[in-house]
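One structure is given below, encoded as structure tokens.
Here the structure is a predicted model, which means the values were calculated and not measured. Because only heavy atoms are used, hydrogens play no part in the values below, and waters and symmetry mates are left out as well, while side chains stay in. Sequential numbering from 1 along the given sequence is applied to the chain's residues.
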Amino acid sequence: MPDKRHSYSFPTRIEYGPGAAKDLTGIIKEMGLTKGLMVTDKGIEQVGTPEVLRGHFKAASVDIVTFDDVKSNPVDDNVYDGTKLYKDSGCDFIVALGGGSPIDVAKTIKVLATHDGPLEQYDDAKGGDKLIKDNMPPFFAIPTTAGTGSEVGRSSVITIKSTNKKTIIFSPYMMPTIAVLDPELTLSLPKKLTAATGVDAFVHNIEAYMIDTFHPFADGLAKEGIERSYKNLPIAVKNGTDINARGEMLMASAMGATAFQKGLGVNHSIAHALGVYFDIHHGLANAAVLIQVLKYNAGDKTVANRIAALGPIFDVSKDADAVINAIESWLVSLDMPTDLKAFEITADKVQLIEEYAQEDPCYPLNPRKVEKGDVTEIMTKLI
């Protein structure tokens with residue numbers, strides 16, 4: 001569609017490289033900010049990374065209060081509690097430290113810092129983006145995983161308890177002031193989590209690439225992100241201290257989140273349902289569903305041709321089946337699931353998952369039109 005009118009936007013300022021997180025504290029000091037809310041989670045606290053960052057802020061004479069009550073699949077109460085602490089403490093900026101969950105919660109605290117609740121009124125699927133104004137505090141995102149790419153994104157995904165649905169809160173004003181990609185902060189990530197989050201980045205890139213929208217910028221980033229993930233994730237899993245592989249995965253993650261402004265597809269719709277109903281880690285859910293979704297999408301000739309074009313990245317012929325087989329072998333080598341058998345999902349839950357997926361905002365964007373019953377067919381093959 002090169003002859004049609006399009007509008008594009010790309011991410012925020014990025015500070016990349018070892019030591020970038022320490023340097024951020026000086027940048028914040030120079031901006032005249034004095035007290036921040038750090039949003040993280042208890043798992044990251046146990047590793048000790050927040051304490052290191054608090055030390056950097058102390059050295060820069062910048063006060064920090066910490067909110068670490070963030071669930072792996074965050075809910076609106078996490079946002080409300082964090083917002084209360086931000087306001088009660090008299091903060092003037094927010095810094096997120098962690099994976100996609102703390103970053104998404106912090107990004108949404110940024111909204112409620114200056115906007116009234118409840119959160120569900122800002123649901124992007126219902127036009128809530130129009131209610132979000134450019135009057136929010138500075139926000140700095142520091143990922144400790146290479147997966148969601150939320151640090152360069154303009155949205156967050158929060159489960160609203162009243163509806164029990166993962167809800168997208170979106171606005172270009174939600175984009176972080178600065179995204180800090182410091183591979184040193186990802187060195188302590190365990191192998192299993194490195195693999196799961198890395199596969200999430202891979203799925204972002206390949207789903208975005210398959211979407212039939214004219215966006216050559218995003219397509220180029222997606223292909224780069226696919227290749228970087230494929231080549232560097234096994235290295236990062238095998239040797240977590242490889243700073244180059246860790247850095248490449250942070251870039252692949254940011255590329256995926258930038259590329260998926262094109263959209264995502266039914267892989268994410270199913271993964272979202274699995275997260276809500278079975279609390280399956282998002283990366284594991286995406287991995288488990290990927291092969292069957294790729295096979296489903298390859299049933300459309302145009303999508304099959306796009307998949308086939310990726311052959312050189314995987315050192316196989318330009319054939320969709322060959323590419324999918326290579327991806328399956330790659331997932332197995334990373335000890336990632338390629339089905340849902342280990343999660344003991346019973347057949348009576350399949351309809352529930354299909355119904356949830358049909359309401360998910362990614363569902364209608366899938367490159368192959370998803371008909372009623374298709375998710376059930378995919379799920380039946382997975383369980």
Side-chain angles (χ1 to χ4, degrees), residues 146-147 149 195-237 245 248-249 251-253 255-260 262-271 283-340 362 365-370 374-375 377-379 381-382:
T197 55
V199 169
D200 189 22
F202 178 85
V203 175
H204 287 161
N205 280 291
I206 199 164
E207 274 209 293
Y209 169 77
M210 287 189 295
I211 297 292
D212 185 22
T213 300
F214 182 71
H215 201 323
F217 289 96
D219 286 343
L221 283 171
K223 289 178 75 172
E224 283 289 323
I226 291 168
E227 184 165 11
R228 277 177 163 77
S229 303
Y230 181 71
K231 291 182 176 178
N232 289 283
L233 185 54
I235 299 171
V237 170
E248 290 282 17
M249 285 308 302
M251 278 297 182
S253 177
M255 286 173 176
T258 305
F260 73 55
K262 283 181 68 183
L264 295 168
V266 73
N267 205 101
H268 266 75
S269 297
I270 297 173
L284 290 178
N286 269 321
V289 174
L290 180 59
I291 298 305
Q292 287 302 327
V293 169
L294 285 173
K295 290 179 178 179
Y296 170 81
N297 282 332
D300 180 282
K301 186 176 181 181
T302 299
V303 184
N305 289 338
R306 287 186 69 79
I307 296 172
L310 298 173
I313 291 176
F314 301 98
D315 295 319
V316 298
S317 61
K318 288 187 175 183
D319 174 80
D321 289 339
V323 170
I324 294 170
N325 289 338
I327 293 171
E328 184 171 14
S329 297
W330 179 70
L331 290 173
V332 171
S333 74
L334 294 168
D335 197 26
M336 287 288 100
T338 56
D339 57 44
L340 291 165
C362 299
L365 301 176
N366 196 67
R368 176 183 172 183
K369 185 177 181 181
V370 189
D374 287 350
V375 170
E377 184 177 345
I378 291 169
M379 283 297 302
K381 293 176 180 177
L382 288 168

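Counting heavy atoms from C-beta on, the side chains of P234 and L334 come closer than 4.5 Å. Side-chain contact between L340 and M379: present, with at least one pair of heavy atoms (C-beta onward) separated by less than 4.5 Å. Proximity of I206 to L310: side-chain heavy atoms (C-beta onward) are separated by under 4.5 Å at one or more points. The shortest side-chain heavy-atom distance between D300 and P367 does not fall under the 4.5 Å cut-off.
Contact detail for A259 and A222: the closest heavy-atom pair is CB-CB, 3.9 Å. Considering all non-hydrogen atoms of both residues, M249 and S229 come closest at SD-CA, 3.7 Å. Here the closest heavy-atom approach between residue M336 and residue A195 is recorded as CE-CB, 3.7 Å. Shortest non-hydrogen contact noted between C362 and G265 is CB-O, 3.4 Å. Heavy atoms only, all atoms of each residue included: A146 and A201 are closest at O-CB, 4.1 Å.
Rounding to the nearest 0.5 Å gives a distance of 5.0 Å between CD1 of I307 and CG of L294. The structure places CE of M210 at 12.5 Å from CG of L365, a figure rounded to the nearest 0.5 Å. I226 contributes atom CD1, which lies 12.5 Å from atom NZ of K231 (distance to the nearest 0.5 angstrom). A distance of 11.5 Å separates OG1 of T197 from CG of N286, quoted to the nearest 0.5 Å.
Checked against side chain to side chain contact (heavy atoms under 4.5 Å, CB included), A245 has the following partners two or more places apart in sequence or in another chain: N232, I235, A236, D242. Every salt bridge (Lys or Arg N to Asp or Glu O under 4.0 Å) that D335 has, sequence neighbours left out, goes to K192. In this view, K223 satisfies the side chain to side chain donor-acceptor pair (under 3.5 Å) rule with no residue, not counting sequence neighbours. Taking the side chain to side chain donor-acceptor pair (under 3.5 Å) definition, one finds that E248 meets it with R228, sequence neighbours left out.
Between the side chains of H204 and D200, at least one donor N or O lies within less than 3.5 Å of an accepting N or O.
Between D219 and R306 a salt bridge is recorded (basic side-chain N to carboxylate O distance below 4.0 Å).
Legend: side-chain hydrogen bond (donor to acceptor under 3.5 Å, both in side chains) pairs involving residues 287-297, not counting sequence neighbours, sorted by first then second residue: Y296-D374, N297-N366.
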- Please step through side-chain contact (heavy atoms from CB on, under 4.5 Å) for the pair F260 and I211, ending with a clear verdict. CA-CA 9 Å; F260 73 55; I211 297 292; over 6 Å; no

- Check the pair T338 / L290 against side-chain contact (heavy atoms from CB on, under 4.5 Å), numbers first and verdict last. CA-CA 7 Å; T338 56; L290 180 59; over 6 Å; no

- Message: As a quick check of understanding, evaluate salt bridge (Lys or Arg N to Asp or Glu O under 4.0 Å) for K262 and D212, giving each step before the final call.
- Response: CA-CA 8 Å; K262 283 181 68 183; D212 185 22; over 6 Å; no

- Task: Start with the C-alpha gap between V370 and V375, add the side-chain angles, then the distance that decides, and say whether side-chain contact (heavy atoms from CB on, under 4.5 Å) holds.
- Result: CA-CA 8 Å; V370 189; V375 170; 4.2 Å; yes

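In this structure, the side chain of S253 engages the main chain of G149 through a donor-acceptor pair within 3.5 Å. Panel note: side chain Y209, backbone G225; no donor-acceptor pair is recorded below 3.5 Å. With hydrogens and angles disregarded, a donor-acceptor distance shorter than 3.5 Å links the side chain of N205 to the backbone of A252. Here the side chain of E207 pairs a donor or acceptor atom with the backbone of N267 at under 3.5 angstrom.
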Donor-acceptor pairs under 3.5 angstrom involving side-chain atoms of residues 324-331: please list them, not counting sequence neighbours.
unit_1: N325; atom_1: ND2; unit_2: D321; atom_2: O; d: 3.2
unit_1: S329; atom_1: OG; unit_2: N325; atom_2: O; d: 3.1
unit_1: W330; atom_1: NE1; unit_2: Y230; atom_2: O; d: 3.2

